[in-house]
2 protein chains.
Amino acid sequence: MVRKPAKSGIKADAKVASTRKPNMREAILAAAEELFSTYGFNAVSVRDIAQAAGANPGSVTYHFKTKDGLLLEIYRRHCGPMNRRRSELLAAARRVRDLQDRLEAIVRAYVLPAFTSGSDLAGGGTRFTRLRAIMSAEGNEVVRKIIAQTFDDTSHAFIDAIHESLPHIPRTDLVWRGHFLLGALYYTLVTPERVSRLSRGSADGTDAGHAIEELVCATVAALQAAPLDQPTPVPRKAAGVNPGRALT
Amino acid sequence: MVRKPAKSGIKADAKVASTRKPNMREAILAAAEELFSTYGFNAVSVRDIAQAAGANPGSVTYHFKTKDGLLLEIYRRHCGPMNRRRSELLAAARRVRDLQDRLEAIVRAYVLPAFTSGSDLAGGGTRFTRLRAIMSAEGNEVVRKIIAQTFDDTSHAFIDAIHESLPHIPRTDLVWRGHFLLGALYYTLVTPERVSRLSRGSADGTDAGHAIEELVCATVAALQAAPLDQPTPVPRKAAGVNPGRALT
DNA sequence: ACCATATTTGTACTATCGTCCAAATATTCA
DNA sequence: TGAATATTTGGACGATAGTACAAATATGGT
């Protein structure tokens with residue numbers, strides 16, 4: 001790690017109260033999650049985590065064996081609740097009558113848990129999703145495994161649900177557009193200040209609520225776009241939103 | 001670095017020909033770019049780079065002083081040509097008569113150089129953009145500076161051009177949607193195999209040409225979506241693509 | 001209070017990190 | 001060619017990495 005944010009301050013000098021060891025394992029997990037999601041996995045050392053948690057480096061090894069094991073446990077903590085929440089919201093979304101509303105509900109069911117899940121802590125969902133974003137770029141092997149076997153089922157369920165609402169669009173296109181959604185979501189969590197900067201202050205990239213609305217709105221429109229092959233299919237109504245292949 | 005891809009093989013055992021030192025500085029730059037864009041900045045050591053370039057670790061220090069300096073030089077190499085290409089394509093796109101075609105041309109002008117720029121080497125554009133994606137997640141300080149002072153002007157130019165084609169949509173929304181475009185672009189370059197996996201083989205995430213088409217199509221549709229505030233403005237035609245705020 | 005167990009501590013090990021430097025070698029130009 | 005310069009080499013430095021382990025301490029059941 002490079003930056004040193006001057007320590008917390010609240011942790012006290014010990015001794016005073018008996019608040020020393022309520023649950024060190026949890027403290028380590030929380031510290032690791034915060035540091036990993038901020039600086040990335042490779043840039044944070046086990047010693048950084050131990051210090052932030054007020055623990056001894058040896059304790060990290062004791063509880064999680066290796067640094068990879070610590071990362072794995074963080075994923076285990078969040079994947080279950082997040083996917084459960086997604087399934088619940090997806091099931092509710094499927095019951096929406098109006099096709100247009102249903103599509104939006106499905107997208108919202110995918111996006112919302114990424115911001116709000118997190119078992120208990122405030123901002124837990126955002127933090128974990130930011131971690132996932134960073135890990136997808138750094139490319140850890142442990143993560144690649146757990147991602148493929150934990151999130152792919154959910155992703156397929158969402159793609160299927162979307163395909164039901166938009167049967168005239170090939171599944172392949174929907175996979176691409178869902179992929180773009182995840183990329184946009186990740187990037188927004190990783191670089192929110194860019195939005196504030198480019199909008200010259202008229203937008204706040206860190207405002208999760210507004211980010212969700214923008215993301216849902218843009219994604220619903222993207223999903224409904226005419227597929228690549230057909231020049232102007234016009235499924236029901238919808239303006240000619242697509243090609244022409246101009247330029248080059 | 002963790003993975004060891006068993007070395008190149010082509011580099012030969014030296015001695016045979018006089019192909020030993022055409023330009024070591026360039027070889028180091030190329031090796032660093034390849035490794036950084038694959039494993040990330042933090043995961044690659046100066047020694048990894050030197051070995052991949054067939055150079056001595058000391059040579060890296062000699063030519064670039066520090067590891068950060070090496071990264072900086074890679075950015076300097078690519079930012080100029082890429083932004084120049086973008087400006088050219090943007091100027092051409094602005095001259096397109098039809099508003100719909102013009103919008104698509106503008107988006108294409110933004111996306112294309114990210115895949116094809118790169119001064120000389122094949123795949124140079126893709127590699128550098130993948131590097132930018134990884135660096136945006138890892139959050140290097142050197143990069144943050146050069147990004148803000150090199151790409152923001154171009155980004156503003158594109159947002160302005162888009163705003164001209166879609167004057168009824170608030171600039172703020174266009175900033176968000178342009179942000180999503182970049183996130184989707186980055187994610188596609190960083191995790192292309194996810195598309196292949198989720199589409200069960202019916203799509204190839206590494207096919208840059210197809211990725212561009214999908215990205216442009218989805219983005220054009222997203223840009224045209226009705227803005228958040230107005231429930232159903234219907235600028236010219238375009239179906240009610242937006243809200244309802246269903247669920248939750 | 002006692003013992004068995006769980007946890008924490010402090011330290012040490014080896015490996016590798018980025019960077020430095022003096023000596024060796026290659027290159028360039030008068 | 002010979003001197004000046006540019007580059008490469010190999011080794012070294014201190015710092016820090018992940019992990020292991022024995023000793024110290026806290027905890028919970030009886």
Side-chain angles (χ1 to χ4, degrees), chain A residues 1-4 11-32 35-36 39-74 135 138 140-143, chain B residues 1-4 11-32 35-36 39-74 135 138 140-143:
Chain A
M1 189 167 53
V2 181
R3 288 149 286 193
K4 300 248 172 173
K11 202 180 62 61
D13 309 9
K15 188 78 70 70
V16 282
S18 62
T19 56
R20 291 195 309 160
K21 273 161 283 184
N23 200 344
M24 189 53 90
R25 190 185 145 94
E26 294 303 317
I28 293 172
L29 273 172
L35 291 175
F36 285 158
Y39 304 107
F41 181 75
N42 292 324
V44 174
S45 72
V46 173
R47 286 171 174 83
D48 290 331
I49 296 164
Q51 183 179 336
N56 188 287
S59 282
V60 179
T61 307
Y62 171 74
H63 285 289
F64 305 100
K65 202 62 189 172
T66 68
K67 193 184 174 190
D68 274 335
L70 175 52
L71 180 66
L72 188 63
E73 182 58 26
I74 293 175
M135 293 315 298
E138 285 196 334
N140 181 282
E141 192 53 42
V142 173
V143 167
Chain B
M1 191 169 50
V2 181
R3 288 148 286 193
K4 302 248 172 175
K11 201 179 60 62
D13 307 10
K15 188 74 72 66
V16 282
S18 62
T19 55
R20 289 199 306 163
K21 272 162 284 183
N23 199 344
M24 190 53 91
R25 190 186 145 94
E26 295 301 319
I28 293 171
L29 273 172
L35 290 174
F36 285 159
Y39 304 106
F41 181 75
N42 293 323
V44 174
S45 72
V46 173
R47 286 171 174 84
D48 289 331
I49 296 164
Q51 181 179 336
N56 188 286
S59 283
V60 179
T61 306
Y62 171 75
H63 285 290
F64 306 100
K65 204 62 189 168
T66 66
K67 194 184 173 189
D68 275 334
L70 176 52
L71 181 65
L72 188 63
E73 182 58 26
I74 293 174
M135 294 314 297
E138 285 196 333
N140 182 281
E141 192 53 40
V142 173
V143 167

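Side-chain nitrogen and oxygen atoms of A:His63 include none within less than 4.0 Å of the OP1 or OP2 phosphate oxygen of C:dA6. Contact between the side-chain N/O atoms of B:Tyr62 and the OP1/OP2 oxygens of D:dT8 is not found at any separation under 4.0 Å. Contact check, B:Ser45 against C:dC17: a side-chain N or O comes under 4.0 Å of OP1 or OP2.
Between B:Met24 atom CE and C:dT25 atom P the separation is 16 Å, expressed in whole Å. For B:Gln51 and D:dG10, the CD to C1' distance is 15 Å, given to the nearest whole Å. Between B:Lys67 atom NZ and D:dA15 atom P there is a gap of 19 Å when expressed in whole angstrom units. As rounded to whole Å, 14 Å separates atom P of D:dA12 from atom CG of B:Asn56. Put simply, CG on B:Asn23 is 9 Å from P on D:dT7, counting in whole angstrom units.
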- For A:Asn56 and A:Tyr62, what are the C-alpha separation, side-chain angles and deciding distance, and is it a side-chain contact (heavy atoms from CB on, under 4.5 Å)? CA-CA 10 Å; A:Asn56 188 287; A:Tyr62 171 74; over 6 Å; no
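Relative to the six-membered ring of A:Phe41, A:Lys67 meets both conditions, a distance below 6.0 Å and an angle of at most 45° to the axis.
Closest to the B:Thr61 side chain, of the nucleotides D:dA17, C:dC20, D:dT8, is C:dC20. Ranking D:dT8, D:dG10, C:dA12 by closeness to the A:Arg47 side chain, first place goes to C:dA12.
Using a 4.5 Å heavy-atom threshold, the side chains of A:Thr66 and A:Leu72 count as separate.
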